Structures are given as C-alpha cells and as structure tokens.
Number of protein chains: 2
Amino acid sequence: MRITSKGEYGVRAMLELAIHYGQGPISISAIAKKQEISEHYLEHLFASLRDAGLITSFRGAHGGYELARAPEEISIGDIIRVLEGPIAPMDCVAKDPVFCTRMGNCATRVLWKKLQTSMEKVLESTTLAWLYEEAKKFDAEDDSLCNASITKSNEE
Amino acid sequence: MRITSKGEYGVRAMLELAIHYGQGPISISAIAKKQEISEHYLEHLFASLRDAGLITSFRGAHGGYELARAPEEISIGDIIRVLEGPIAPMDCVAKDPVFCTRMGNCATRVLWKKLQTSMEKVLESTTLAWLYEEAKKFDAEDDSLCNASITKSNEE
DNA sequence: AACAATTCCTAGTGAAATACTAGGAATTAG
DNA sequence: CTAATTCCTAGTATTTCACTAGGAATTGTT
C-alpha cells in the first residue's frame, strides 16, 4: 500500500511547478536540485506527465516545463494516476476494472471498493493549489526561524 | 497503490475462517481449495498471521487453523498490517514513521497523512464479522439468481 | 506400532518492478 | 556558433513478488 518514488517525486516536482506558475518555464535541473531528485530520473517522470497533458515543455536554451493548467485545476489524483496507474487497491475496483471470475459474488470486492472510494476522494479533492497553500504555511514558519525554502524569485 | 496477493489471499482466507468460526479448526488445503489459492503459499501467509496472534494452529491429523478472536474483534487492518506492513502510503506517515529530513517542513507529508488517515479509517472500521455479513448477502442473491437462470435456461 | 493427515520450517527461483544511469540527438536563445 | 535545454532509447543493479520444493515434527485413528 505504498506510493513509489515516482509518485512521491512527481508530486514534489509538480508542487515546484505550481509555485512558479505564470512565471515562465523552469528547467528539470532546477527542480531536481531544489527537490533533491535525480535529474535523469525526473526527466522520465516529466515525459509521462507531458504525454498525459499535465505539463507543457519548451525545448532549447531557456526552455523548461510549466503546468498545462492552473494549480486549482490539477489534482494529486491526476498526477498519481499518470505515474502510479489507476487509484485502486485492487484491479477489480479500478475505473476500468480487470475482470475476475468472482466479480459479481465477492464480499471482499465490496471492501476494496470502500477503500478505493476513500482513497480517490482524498486524492481528487486535493489540488496543487491546496498543496501550495500548505507549503506557504511551512514557509512562514521557517521565515520566523531562519530562511525560506520556497521563494517566488526569478533566480538564475 | 495496490494490495498484493498476500493481502488479497490473506483476507479471503481469514473470511473463510470467520465463516467456520466456533466449528473447530479447518485445514489449509480446504481453504486453499475453496479460495483457489496455492496451498504452499497460503501456508506462509498463515505462519505470519499465527505469529501475529490473529489465528491459532493445531498440528497433526484433524488439525488446522481457527481465528484467535471473534470475527468482530479482527479488523481488515489487523490482517493487512501483518501481511503488507504498516498502513501508510509513505513511510514518513506510518505509525512508527521513518525519519525524513523534510519531516517538519513538508507540505506533501500533510497530503500523505490525509490519505493515510482515510485508508486506516476504512480498514480499521471493517471487521471480519462485517465481511461475513456481506458474504451472506451474496449467498442469498446467488440462490435466487441460480433458480432464475435454471428456469430461464429450461425455457430457452 | 503403523499410518495418514496435518502443521512447521528452511531454502530456492523465475519474473517483474523499482529506481535509477548512460549517452547522445534535436532544438532554441543569445 | 555555442551553451542550455528537452527528447529518446537503452541498459542495469537491486528488490519484491508469487510462488515451489522437500522434508521434519506432531497428532488422531486403526
């Protein structure tokens, strides 16, 4: 019942894009550095997110990535579904369910469906915008302590 | 975000024990046959469940396994925790959390905690007794469906 | 005592997934 | 032209998954 590093890194990287939303593209290397993720690995994840239409890429010098939609319009579920597959504890309760001989006669399936629904509810109702607001809270706490880890500045 | 066959088989087998609760031990071979699970594999799962105190074993002829507690007293969470590990999408939000440098300054952790809580709520509140009641409903449906399909096929 | 049915235990294994790494081609701003 | 970037294909070490194998120990029955 674990999210893998794909989902973890993907969400962290997408949060970074949400923070810089509307300020032009940012490069993989910048995100990878800030979030301590392997550059090459993040490249793969971004390829999937791009193919899924969640982010837009710009090639060449001063290129990079930006969110394809506003942070309010991208749920964590959107990201997880691309990087981890359907949100479902079992294939038989996925949106496009895999057939199982028990299907119509399975008490455990009712259980997995309950679990699937509760998971989906959380992941669909949580957006990048919400996550950004949470991050700002932490940022404010940090400011009072020492330095900010999340800045909206155009450092280059 | 998937439950593996360990959790799936484990819950199905435990349901079988719940169905026979109070009627003496049943053997692995009987459960494996009924639930279409590899006998040897189920043996491993039952070893874990026994070590965790969820089931009791009886060796020798006419031996087998039975629930260590009443079906009302065993939650699906109890089973999953034994066979799949802590109920948590990320190690940093498990009950005995793995340390992470971000820990106190991580917006995504708040998200994973929300997800963890909702998953745990479902799995803790669902017991084997509940699952057994669900199974009985299907049994009742099957009876009426079976009769209906017999008469239908006779007509056709 | 012999036997059959069962759990118990240790070890092994092929396939798939995970979490990357490597290297270079294509593109674009300055 | 050059430096910075994405894009693409391939490879790889490690871990996990889902079993399988084989026999020792235990216990009810005859």
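In this text the structure is predicted, and so the values were computed from the model without any measurement. Naming: A, B, ... by sequence-line order, numbering from 1 per chain.
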Establish, with yes or no, whether the OP1 or OP2 oxygen of [N] is under 4.0 angstrom from a side-chain nitrogen or oxygen of [X].
X	N	value
B:T4	D:dT16	no
A:S5	C:dT18	no
A:S38	C:dA19	no

> Tell me: CD of A:E39 to P of C:dA22, nearest whole Å?
Replying inline: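 Value for this atom pair: 13 Å.
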
> How many Å lie between OH on A:Y9 and P on C:dA19, as a whole number?
Replying inline: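 Interatomic distance, OH of A:Y9 to P of C:dA19: 7 Å.
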
>> Looking only at the side chains, is there a donor atom on one of B:T126 and A:K114 sitting less than 3.5 Å from an acceptor on the other?
In response: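 Side-chain D/A pair, B:T126 to A:K114: present.
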
N/O-N/O pairs, protein side and nucleotides 25-28 of chain C side, under 3.5 Å:
from, atom 1, to, atom 2, distance (Å)
C:dA26, N3, A:R59, NH2, 3.1
C:dT28, O2, A:A61, N, 3.2

Of all the choices, [options], which nucleotide is nearest to the side chain of [X] once you look at every atom?
X	options	result
B:H62	D:dC19, D:dT29, D:dC17	D:dT29
B:K6	D:dC17, D:dT29, C:dT7	D:dC17
B:Y65	C:dT18, D:dT6, C:dT7	C:dT7
A:H40	D:dC17, C:dT7, C:dG23	C:dG23

>> What's the separation between atom CD1 in B:I80 and atom CD1 in B:I3, rounded to the nearest 0.5 Å?
In response: 3.5 Å

Would you say the side chain of [Y] lies within less than 4.5 Å of the side chain of [X], judging by non-hydrogen atoms?
X	Y	result
B:Y65	B:S57	yes
B:R69	B:D78	yes
B:M90	B:L115	no
B:E120	B:T117	no
A:P71	A:Y132	no

>> Between A:E84 and A:G7 (side chain of the first, backbone of the second, donor and acceptor by atom type, cut-off under 3.5 Å), is there such a pair?
In response: yes

> In residues 41-56 of chain A, which ones come under 4.0 Å of DNA chain D, going by heavy atoms?
Replying inline: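 Per residue number, the list reads A:E43, A:H44, A:R50.
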
> Is there a residue in residues 11-29 of chain B whose heavy atoms reach under 4.0 Å of DNA chain D, and which residues are they?
Replying inline: none

> Can you get from B:F58 to B:L67 by hopping between Ile, Leu, Val, Met, Phe, Trp and Tyr side chains that sit under 4.5 Å apart?
Replying inline: no

> Are B:Y41 and B:V82 connected in a single hydrophobic cluster, I mean Ile/Leu/Val/Met/Phe/Trp/Tyr linked by side-chain heavy atoms less than 4.5 Å apart?
Replying inline: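 Yes, one cluster joins them.
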
>> Is there a side chain to side chain donor-acceptor pair (under 3.5 Å) between B:D51 and B:S48? Walk through the geometry before answering.
In response: CA-CA 5 Å; B:D51 293 345; B:S48 304; 5.8 Å; no

> Would you call A:E8-A:R12 a salt bridge at under 4.0 Å N-O?
Replying inline: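 Salt bridge flag = yes for A:R12 with A:E8.
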
> Do B:E36 and A:R102 sit within salt-bridge range, that is, some charged N less than 4.0 Å from a carboxylate O?
Replying inline: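 Yes, this pair counts.
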
> In this structure, which one of A:D91, A:V93, A:I87 forms a side-chain contact (heavy atoms from CB on, under 4.5 Å) with A:P89?
Replying inline: A:V93

> Considering residues at least two apart in sequence or located in another chain, which fulfil the salt bridge (charged side-chain N to carboxylate O under 4.0 Å, His left out) criterion with B:E124?
Replying inline: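 Once residues adjacent in sequence are excluded, the partners of B:E124 under the salt bridge (charged side-chain N to carboxylate O under 4.0 Å, His left out) criterion are B:R81.
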
> Between residues 80-98 of chain B and DNA chain C, which residues have a heavy-atom gap below 4.0 Å?
Replying inline: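 Output list: empty, so none.
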
> Should we say atom NZ of B:K33 is surrounded by more than 12 heavy atoms from elsewhere, each under 6.0 Å from it?
Replying inline: no

> Under a 3.5 Å cut-off on both pairing distances, which runs of 3 or more consecutive Watson-Crick or G-U pairs involve DNA chain C?
Replying inline: C:1-30 with D:1-30

